[in-house]
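Predicted model only: the values in this text are computed from it and were never measured. In what follows, every chain begins at residue 1, and chains take the letters A, B, ... in the order their sequences are listed.
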Amino acid sequence: MAYLAHRTAQALIVLAIAFTATFVLLQALPGDAILIKFESPELGLSPEQIADIRASYGADVPPLQQFLHTVAGFVQGDFGYSVQYGTPVHELIGSALPDTLALAGLGFVTAVLLAVALAFLSTLAPFGWLRQALRSLPGLLVSVPVFWLGIVLIQVFSFQLRLVPVIGADPVQALILPVLTLAIPISAPLAQILARSIDEVQLAPFVAVVRAKGAGPARVLWRDVARNALLPAVTIAGVLVGELIGGAVVTETVFGRAGIGRLTEQAVANQDVPVLQAIVILAALVFVVVNLAVDLVYPVLDPRLKRKAVAA
Amino acid sequence: MNALLELEHLDIAYRTPAGVRRVVHDVSFAVQPGEVVALVGESGSGKTTTSSAVLGLLPSGGRIESGAVRLSGIDLAGWNDRRLESVRGARIGYIPQDPVSSLNPVRPIGAQLADVFRIHRRGDRRAVRGRVLELLERVGLDDPALRAKQYPHELSGGMRQRVLIANAIALGPELVIADEPTSALDVTVQRRILDLIDELRREHGTAVLLVTHDLAVAAERAERVVVMQHGRIVEQGTTEAVLDAPAEEYTRRLLADAPGLAEHEFRHPRPPLYLRDADVAAAENPFALVASGLTKTYGLGRGREPFRAVDDVSFRVLRGTTHAIVGESGSGKTTTARIVSRFVAPDAGSVEVGGSEVTSLTGAAKREFRRRVQLVYQNPFASLDPRQTVAEIVAEPLRNFGVGDRRSRAAAAARLIDRVALPAHLATHRPAELSGGQRQRVAIARALALEPELVVLDEAVSALDVTVQARILELLEQLQGALGLSYLFISHDLAVVQRISHSVSVMRHGRIVESGPTEQVFRAPQHEYTRELLAAVPRRPAPTREVFA
């Protein structure tokens, strides 16, 4: 319990730092969203009118005061208004989040399944050359850019094979290719770590003991090696969640899906500071929660860590 | 009589990208039912490879090139893994070397023991559980129901080895291969484990192939001995025949080097040259090290009794002599060594080196003190920087203290390398290219670089094979004679201690239970624990006693 409290406090500090850093960086950018939106000559607004608009957004006060104001708002759950759309940020995010959660969640699960399948197959496959080929696959996939992968998948599966419709697809069909696009680059490093870690555990003396009992390779891998090999992979999985966020931006743009990624892309283009600020905090929150979950999973996987976790 | 296990002209090679490397040549020997055969040799002699081949568990790349491995007359040599799986565990059991890394850390003991029944489909779930508890009890673990639920890290090394023995004998195999089953264990635990194997063997008539580097263990436990060197059998025969009249030079050397077998004179303190003059002796402080009342307590966190690692420990080391601290793991001997070398501050007590108090030293004075006391660690594989050359490693202390210039340091390093009897051309090599014994020589040369008064040797020869160990001990003796060095020798191995030390302190649970001149402690031990330790040292059974009846 004390451990959990300690970790939560740490998480809050991380969030606070992420918030401050984002704020400072966004402030440091030349120009701002209000100028981008209202300064265009076609609107014919006078400098006085623009100044009024600025004041209505609270953009005319010194940065420190703005900072305190924003912090106070965030703490109370008020993320402010989007400059671009004029709607509350929480509404924007609220409507974009479910799509992205479905995409990212499915993407992550698919990535894990792919990685485990690849790692296991590359250990158990019957021929040396096949194992070698499966071993080198992640190295290839890790170097594939997300946007290119998306385009290739659309080309192959939609236009050539006509397996997944591009237009008029139902929600499930519409998810297939984006999920794959998101999952493949994440599964690659995961599979690499897992395969290497399996190799390492295979050499441990206890594996020799298990084999000396007459256990076959599948049983050895499944019962004895897998759980030991999972630890480093779980650590990497926590880090890779960060990739999901970046991946969602590209994937949603390539596939023209609505979601947090798309929202981010537009907010960046328009320097929509309140939206960006909220998205960064959301991303940081996801990251922190996932890594906390990873830390809590360790002792479940490895009983040796139980006592330490309790004592810490 | 038909042999249970028969190896015939066995050749084993490793196929690596660099080519085929033959590691076992023309090995033939047999194990009769119920017999204990010891396969003896140094590391790299091919003894472990040979025993792995019997199980068909050669490391990847390893292959039986020719010859036969017959189990009750059936040749297993050409069998694939799937066929061998029916033999492994069921007809041949395996006890590994290191109990700490030989159990799956993330599964409970009971589940791991149950595996062997499940794999070979013996009994349903309930029957298996009953058998597991029986086995745990049979190998001497208290409260089997609790043990079955525990994880390996909750058990001591000796207990884990018992679990592994239970694992090996679970299905009543005809043959058990024990690969250095006690090398990683303390001497009293070793004795109990070997006794257990002996007992189970007699109960079930199981044959044992005992792989060991320790001829004393072989002499004590085996009926026949097979001596291997460089992948070949040097000599084999009944234990008596081989030990009484070794035909080969190599066997004779092994016998002479085994600390538990050879009869060594006790060492008596001989005053170094400069102290033999009575007047000088009277004026000089005769002690290189005086430790008195050392105490060190470690807190174990809230709600737990603090652990007293070292409890009121006092001892003295005469100049130019070796004082040994002997004890089992957890006795506090290493903490004592760390206090003496000022890596750990004691809670109470004082350490005097060459007459000056050193426990209170801090900062620059403490750093200066490091010149006077040097350490040699147990593991020669981990204590040398893999990126430096031998010459750089040996000269590093000089560099750290800014002694001399580059050229004079290089000259000093060359002298030291020669001093520890390493060939000069090794100076430019890196540790990875050296053998264990050579590495330990490098570590000793490094310790001598600053001409210390006292060298603390923490299990300095424990990781080495007996022959290498014997050479290092000779070197240490010779350096002591020539340079008037004082040693504090930390060890769990009584046979080694008997050979090297002038005086000895026996530690247990953080306290010294007995100390005195080595001869007195070994010939007439006063304390019960000392007697127990001495009795546990593997020795050749007296010829009159019939132990294998």
For A/R219, which atoms come within 4.5 Å of any heavy atom of chain B: side chain, backbone, both, or neither? side chain
Less than 3.5 Å apart, which donor and acceptor atoms pair up between the side chains of residues 287-294 of chain A and the rest of the protein, not counting sequence neighbours?
{"from": "A/N291", "atom 1": "ND2", "to": "A/F287", "atom 2": "O", "distance (Å)": "2.9"}

Among A/A212, A/G216, A/A208, A/P217, the residue with the most heavy-atom pairs under 4.5 Å to chain B is A/A212
Would you indicate whether B/R129, at its atom CZ, is surrounded by more than 12 heavy atoms from other residues, nucleotides or ligands within a distance under 6.0 Å? no
Checking B/L55 against chain A: side chain, backbone, both or neither under 4.5 Å from a heavy atom? side chain
What part of B/Q112 gets closer than 4.5 Å to chain A, counting heavy atoms only: side chain, backbone, both or neither? both
Considering the options A/R131, A/Q202, A/R135, which one meets the side chain to side chain donor-acceptor pair (under 3.5 Å) requirement together with A/T123? A/R135
Which bit of A/L301 comes within less than 4.5 Å of chain B, counting heavy atoms only: side chain, backbone, both or neither? backbone
Over 12 non-hydrogen atoms of neighbours within 6.0 angstrom of CD in A/Q10: yes
What part of B/P105 gets within 4.5 angstrom of chain A, counting heavy atoms only: side chain, backbone, both, or neither? both
Measure distances from B/D81 to the heavy atoms of chain A and classify the residue's part below 4.5 Å as side chain, backbone, both or neither. side chain
Compile the donor-acceptor pairs under 3.5 Å between side chains in residues 107-121 of chain A and protein atoms, sequence neighbours left out, one pair per line.
{"from": "A/T110", "atom 1": "OG1", "to": "A/L106", "atom 2": "O", "distance (Å)": "2.5"}

Would you say B/T182 and B/Q161 are linked by a side-chain donor-acceptor pair, where the criterion is simply a distance under 3.5 Å? no
Of the backbone (N, CA, C, O) and the side chain (C-beta and beyond), which part of B/L164 lies under 4.5 Å from a heavy atom of chain A, both, or neither? side chain
Given the options B/R118, B/R82, B/E85, which has more heavy-atom pairs under 4.5 Å with chain A than any of the others? B/E85
Selection from B/I119, B/N104, B/V87, B/L171 maximising heavy-atom pairs under 4.5 Å formed with chain A: B/N104
Salt bridge or not between B/K149 and B/E154? Use side-chain N to carboxylate O under 4.0 Å. no
